[in-house]
Structures are given as structure tokens and as C-alpha cells.
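Computed from a prediction, not measured in an experiment: that's the story for all the values here.
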Amino acid sequence: MESLPEAVLIRILASIPAVELVLVCRLVCCQWKNLVDGAELWILKCQQEGLTRAEADAENWQNFYFLSKKRKNLIKNPCGEEDLEHWGEVDNGGDGWKVEELPGDFGKEFPSEEVHKYFVTSYEWCRKAQVIDLRAEGYWEELMDTTQPKIMVRDWYAGRRDAGCLYELCVKLLSENEDVLAEYKSETVTIPEDNDASWTEISHTFSSYGPGVRFVRFEHGGQDTLFWKGWYGVRVTNSSVTVEP
């Protein structure tokens with residue numbers, strides 16, 4: 001192996017699973033360590049697996065590779081397919097949260113055909129939250145502290161045509177001790193009565209948030225403004241938190 005040209009050795013190493021490259025191959029010798037730590041090997045692996053990015057934008061191709069492979073929605077049960085499973089700190093104001101089928105009474109279909117249900121609030125404030133453990137999801141401490149990858153938050157909300165409602169979103173980045181290191185809080189969105197029931201996306205990107213982030217706390221909620229018994233408040237669905245490459 002020592003006699004192989006470096007370009008050939010890189011092609012051989014690129015066929016090995018990424019985790020083994022870092023945990024095993026990197027420890028074989030200084031040459032292999034330098035190749036595994038270098039950009040050329042990871043650029044090749046990205047090309048082989050269709051992970052594209054402008055070279056000028058990629059400061060660390062190894063991190064880009066791992067983040068791209070791990071990229072997924074970290075919110076569990078974002079559309080109510082499992083009722084309120086995985087949602088904690090639930091405030092059931094009025095008649096509480098309910099899950100309904102799209103489009104619902106006086107509602108509109110969601111822009112994506114993959115979304116079939118939504119959560120709906122009642123005549124007093126309803127709130128629910130999820131806390132995401134980044135380490136448990138595979139985002140190691142050095143990555144979060146040094147690279148500080150962007151954390152993208154999205155949510156969708158809508159009213160029904162015959163009732164006004166309120167909506168709020170609050171997302172916090174938390175330390176090991178659950179100290180707040182960064183926070184995004186939307187304004188209280190007011191949807192008037194006789195609205196068109198359109199779905200609206202709200203989003204925020206956390207970047208350069210500093211070291212120490214270990215958890216993401218996502219909370220949203222709302223109520224109707226007519227105080228009608230039942231479920232005439234804001235509708236929410238397709239919530240997402242993603243760590244971006």
C-alpha cells in the first residue's frame with residue numbers, strides 16, 4: 001500500500017464507509033491520517049454520493065459530508081399522524097389541542113401532498129413543545145462548538161375562513177444546563193376573521209450562536225379570537241428543525 005500513488009490510495013479509501021475512515025483508517029499511519037483529514041478524499045466521497053456544494057462555500061468537506069448525510073427533520077410527529085405523541089409541556093387551553101384531517105372545515109389543502117393532518121387550537125391559549133437532544137441525534141460537541149452549523153427552524157400555520165386566531169412560535173438553543181444561548185420569538189401573528197385560510201410558512205436560521213449548544217427547544221401555539229367552544233383557533237403542521245450542512 002505504501003507504494004501506491006496518493007491519488008489511487010484516495011480512491012481506495014473513498015470506498016470505505018465514512019465512520020470507519022475516521023475511527024479506524026485515520027489511526028493506521030501518518031499518511032492515512034493526513035488523507036482522512038484532508039479535503040480531497042471527502043470531495044471525492046461527496047461527488048460519489050451526489051452531495052454537491054460550491055468549493056468556495058465548503059470550509060470543511062468532512063463536516064459537510066457528515067452533516068449532509070445526517071440531514072433530517074429533528075421534530076418528531078410534526079403533522080399529528082401520532083396524535084400528540086412526542087410533544088411535551090402541552091397546555092390544553094379551552095377544549096385543548098385536536099388533530100384534524102386536511103383541509104378541515106373552512107380550510108385549504110396544504111401546499112405539499114405529503115402532509116395529511118394538522119394540529120388545531122381552541123378558545124384559550126394552547127401550546128406544545130419538543131426538546132431536541134443534539135448529541136442523541138448524532139451532532140457531536142466539537143462539531144457544534146467549532147463548526148457551529150446553521151440550525152434552520154420552520155413552521156406552518158393557517159386559520160379557518162370563518163374565525164380569527166392568534167399564532168406564536170418560540171425556539172431556544174440551550175446549553176448542557178439548559179441556559180438559553182440564543183432565542184427566536186415571533187411576534188404574535190393575528191389572522192382576521194374572513195381570512196382566505198391560506199397556509200403560511202415562518203422560518204428562522206440560527207448561525208454564529210457560539211459554543212455550548214446541546215439542545216433545541218421548539219414551542220408553538222395559539223387560540224381563536226372569537227372564543228367559540230370547540231376548535232376554531234390556529235392550525236399548525238409540518239414543523240421542522242434541521243441542522244444544515
Side-chain angles (χ1 to χ4, degrees), residues 1-79 81-82 85-86 114 130-154 171 173-178 181-182 205-218 238-245:
M1 293 289 282
E2 293 85 351
S3 62
L4 287 175
E6 192 168 276
V8 175
L9 183 54
I10 286 174
R11 289 198 168 273
I12 294 172
L13 291 174
S15 66
I16 298 172
V19 174
E20 291 184 25
L21 282 174
V22 174
L23 298 182
V24 180
C25 297
R26 188 174 179 272
L27 305 179
V28 171
C29 63
C30 289
Q31 182 190 22
W32 284 32
K33 178 182 182 298
N34 291 334
L35 292 178
V36 172
D37 288 346
E40 189 173 351
L41 170 61
W42 297 100
I43 291 172
L44 179 58
K45 284 190 74 65
C46 287
Q47 291 172 344
Q48 290 174 340
E49 299 184 35
L51 305 175
T52 59
R53 187 178 191 180
E55 284 196 38
D57 294 336
E59 295 181 1
N60 187 314
W61 280 93
Q62 184 182 129
N63 283 347
F64 171 72
Y65 176 88
F66 279 106
L67 287 169
S68 297
K69 298 292 284 186
K70 284 180 175 295
R71 188 179 182 187
K72 64 177 181 178
N73 185 5
L74 301 178
I75 292 285
K76 296 178 174 62
N77 186 27
C79 305
E81 296 291 346
E82 302 173 72
E85 188 73 20
H86 303 296
E114 297 179 357
Q130 279 193 40
V131 176
I132 298 163
D133 184 336
L134 293 170
R135 284 176 300 191
E137 296 291 344
Y139 299 98
W140 58 98
E141 295 181 2
E142 182 182 359
L143 175 71
M144 298 308 301
D145 292 347
T146 305
T147 303
Q148 295 176 33
K150 293 179 181 179
I151 299 174
M152 174 71 78
V153 177
R154 294 184 177 90
V171 184
L173 305 186
L174 306 177
S175 70
E176 179 74 34
N177 299 320
E178 299 189 3
L181 302 181
T205 301
F206 291 98
S207 61
S208 302
Y209 39 76
V213 172
R214 301 292 178 263
F215 302 95
V216 180
R217 186 182 187 277
F218 179 104
N238 206 36
S239 310
S240 67
V241 172
T242 55
V243 178
E244 298 291 314

**Contacts of N63 that satisfy side chain to side chain donor-acceptor pair (under 3.5 Å) - sequence neighbours left out** = T147
**Request:** Can you label the angle between the W140 ring and the F66 ring as parallel, tilted or perpendicular, going by 30° and 60°?
**Result:** perpendicular
**Message:** So, using salt bridge (charged side-chain N to carboxylate O under 4.0 Å, His left out) as the criterion, who are the partners of E176 when residues are at least two apart?
**Reply:** R135
**Request:** For C46, check side-chain contact (heavy atoms from CB on, under 4.5 Å) against everything at least two apart and list the hits.
**Result:** L51, W61, F64, Y65
**Message:** Could you work out, with side-chain contact (heavy atoms from CB on, under 4.5 Å) as the rule, every residue matching T146, not counting sequence neighbours?
**Reply:** E142
Extract all donor-acceptor atom pairs below 3.5 Å that involve side chains of residues 6-18 and protein atoms in other chains or at least two apart in sequence.
| residue | atom | partner | partner atom | Å |
| --- | --- | --- | --- | --- |
| S15 | OG | I12 | O | 2.6 |

**Prompt:** Of the non-hydrogen atoms in W42 and V36, which two are nearest, and what is the gap between them?
**Reply:** NE1-O, 2.6 Å
**Asked** Do F206 and V171 pass the side chain to side chain contact (heavy atoms under 4.5 Å, CB included) test, and can you show the C-alpha distance, the side-chain angles, and the key distance before you say yes or no?
**Response** CA-CA 10 Å; F206 291 98; V171 184; 3.9 Å; yes
**Prompt:** Are L74 and V216 close enough, and set up right, to give a side chain to side chain contact (heavy atoms under 4.5 Å, CB included), and what steps lead you there?
**Reply:** CA-CA 10 Å; L74 301 178; V216 180; over 6 Å; no
**Asked** For P78 and S239, which heavy atoms make the closest approach, and how far apart are they?
**Response** CB-O, 3.2 Å
**Item:** pair N73-N238: side-chain heavy atoms closer than 4.5 Å
**Value:** no
**Asked** Under the salt bridge (charged side-chain N to carboxylate O under 4.0 Å, His left out) rule, what pairs show up with a residue in residues 19-44, not counting sequence neighbours?
**Response** R26-D37, K33-D37
**Item:** Taking every non-hydrogen atom, the tightest pair across M144 and P149
**Value:** SD-CG, 4.0 Å
**Request:** Please name all residues satisfying side chain to side chain donor-acceptor pair (under 3.5 Å) with R214, sequence neighbours left out, ordered by chain then number.
**Result:** D145
**V131: partners by side-chain contact (heavy atoms from CB on, under 4.5 Å), with sequence neighbours left out** = E89, F215, R217
**Prompt:** Which atoms form the tightest heavy-atom contact between L35 and L41, and what is the distance?
**Reply:** O-CB, 3.6 Å
**Prompt:** Among all residues two or more places apart in sequence or in another chain, which pass the side chain to side chain donor-acceptor pair (under 3.5 Å) test with E244?
**Reply:** R71, T242
**Request:** Test Q62 against L21 for side chain to side chain contact (heavy atoms under 4.5 Å, CB included), laying out the working first.
**Result:** CA-CA 11 Å; Q62 184 182 129; L21 282 174; over 6 Å; no
**Fill in**
In terms of heavy-atom contacts, E85 and N77 come closest through O-ND2, 3.0 Å
**Prompt:** Who pairs with E137 by salt bridge (charged side-chain N to carboxylate O under 4.0 Å, His left out), at least two apart in sequence or on another chain?
**Reply:** K72, K76
**Item:** side-chain contact (heavy atoms from CB on, under 4.5 Å) involving S175 - partner list, sequence neighbours excluded
**Value:** N177, D179, L181
**Request:** Taking salt bridge (charged side-chain N to carboxylate O under 4.0 Å, His left out) as the test, write out the residues that go with R154, two or more places apart.
**Result:** E201
**Asked** Looking only at atom types and distance, does a side-chain atom of Y209 sit under 3.5 Å from a main-chain N or O of K150, one as donor and one as acceptor?
**Response** no
